[in-house]
Amino acid sequence: MTETLTLPADVRGARTDRIPVAVLGATGSVGQRFVQLLENHPWFRLQEVVASERSAGKHYGDAADWRLDTLLPRGAASMEVKELGADLESRLVFSGLDASVAGEAEEQYANRGCAVVSNSKNHRMDPDVPLLLAEINADHLGAIEQQRKRRRGYIVTNSNCSTMGLALAIAPIERLAGIEELFVTTMQAVSGAGYNGVASYAILDNVIPYISGEEEKIESEPQKILGRWDGQRFVPAPMRISAQTNRVPTIDGHLMTMSFRLRQAASSSQLIDAMRAFRGAPQELGLPSAPVQPIYYLDQPDRPQPRLDRDREHGMAVSVGRLRPCPILDYRMVALVHNTIRGAAGAALLNAELLEAKGLL
């Protein structure tokens, strides 16, 4: 069951004393999304942008090759980029770092006393680091107490971008009837690889049936997210997952098709009702980035579609459709997640809001 949290009377709205934050990897694709989403955030104020030594010392507007479909925030553009590893004034740090440098850098800032909210993969499966999907496992923040035995600060991670959509879509089904095994195939947008990640000549008129490391993450991360924290360790959910991943020529929005076997019998109407009714701590608390409805079940036979459905609830909701019987397992369906918002920076922002709501910042 979802934990009910009680907040001070002023915690839901805008505040004059917004919390100063830093963004690591601020010039990259996820870092840019952090900067965009923080521009008018009611609780957090962007104070520092951090990137590699080749960007350090430049104004952010000059260092960042801004590629989002909104204007670069003026306040961010004039900030001087700090070099990764520099001392920070901010105690809340968002990490959009590449995995090649994220592990050590995030450890460094956590050891200095920062709360590091990471989008990187390096610490997701650490035994005392929450792999947080705020609607599902707010109670996993209990692991922070264990971390603080070895660090002044702590690290909280969000999942792989496809895992985010998958875990949200199946969470109400897992709670209602349990999932024994699941097969999932992803069709992942090019933005998931970063601006320079896939050459146009390679992806146009093409589908690439391989994304390095993605299948392993999708097969393991949902078990931790949907499992439980027993006060000492994470106990994974007892489901088996088989994943195949593909890069496709859409800009944003990861689409996935899946088939699954239930542990207990349930009708399709019961599963759809469970998805539509699903809510968690962010909705109960009215957190600023929380979608009012985290899962939308669409009745149209040809939905969800990336171009039509990825921006639902400002990109923070998951869209599901085509739930129907499976001739091999029990059911099959389609799910869609906006990979750089709900699947990356937006999810990390929501996680930080939950940390603040629980008095952990």
What is the distance from atom [atom1] of [X] to atom [atom2] of [Y], rounded to the nearest 0.5 Å?
X    : Y    : atom1 : atom2 : value
S268 : D273 : OG    : CG    : 9.5 Å
I19  : E356 : CD1   : CD    : 3.5 Å
I208 : I203 : CD1   : CD1   : 4.0 Å
M239 : I170 : CE    : CD1   : 4.5 Å
E219 : L166 : CD    : CG    : 11.0 Å
K358 : L141 : NZ    : CG    : 5.5 Å

So, the side chain of [X] versus the backbone of [Y]: is there a donor-acceptor pair under 3.5 Å, distance only?
X    : Y    : answer
E106 : I155 : no
Q32  : T27  : yes
R18  : H41  : yes
H140 : G227 : yes
S52  : E83  : no
N160 : K217 : no
N119 : S95  : no
Y331 : A266 : yes
E313 : G315 : no
Y109 : L88  : no

Answer with yes or no whether the hydrophobic clustering places [X] together with [Y]; edges join I, L, V, M, F, W, Y residues whose side-chain heavy atoms lie under 4.5 Å apart.
X    : Y    : result
W229 : L132 : no
V30  : M79  : yes
V156 : L97  : no
I173 : L329 : no
L349 : V116 : no

Is there a side-chain contact between [X] and [Y] in this structure, where contact means two heavy atoms from C-beta onward sitting under 4.5 Å apart?
X    : Y    : answer
F260 : M333 : yes
L168 : F278 : yes
L131 : F234 : no
S159 : I225 : yes
F94  : L38  : yes
M125 : E221 : yes
H123 : Q147 : no
P73  : Q36  : no

Shortest non-hydrogen contact from [X] to [Y]?
X    : Y    : result
N158 : A344 : ND2-O, 3.8 Å
G280 : Q283 : N-OE1, 2.9 Å
A335 : M258 : CB-CE, 3.9 Å

Answer yes or no: are there more than 12 heavy-atom neighbours, outside [X] itself, under 6.0 Å from its atom [atom1]?
X    : atom1 : value
L204 : CG    : yes
Q232 : CD    : no
E145 : CD    : no
Q244 : CD    : no

Donor-acceptor pair between E214 and T186 side chains, under 3.5 angstrom: no

Between Y195 and R67, a side-chain donor and acceptor under 3.5 Å: yes

Partner of D128 under side chain to side chain donor-acceptor pair (under 3.5 Å), chosen from Q146, K149, R151, R150: R150

Derivation of the side chain to side chain donor-acceptor pair (under 3.5 Å) call for S100 and D98: CA-CA 5 Å; S100 61; D98 184 84; 2.6 Å; yes

Passing option when D299 is tested against R324, R276, R322 for salt bridge (Lys or Arg N to Asp or Glu O under 4.0 Å): R276

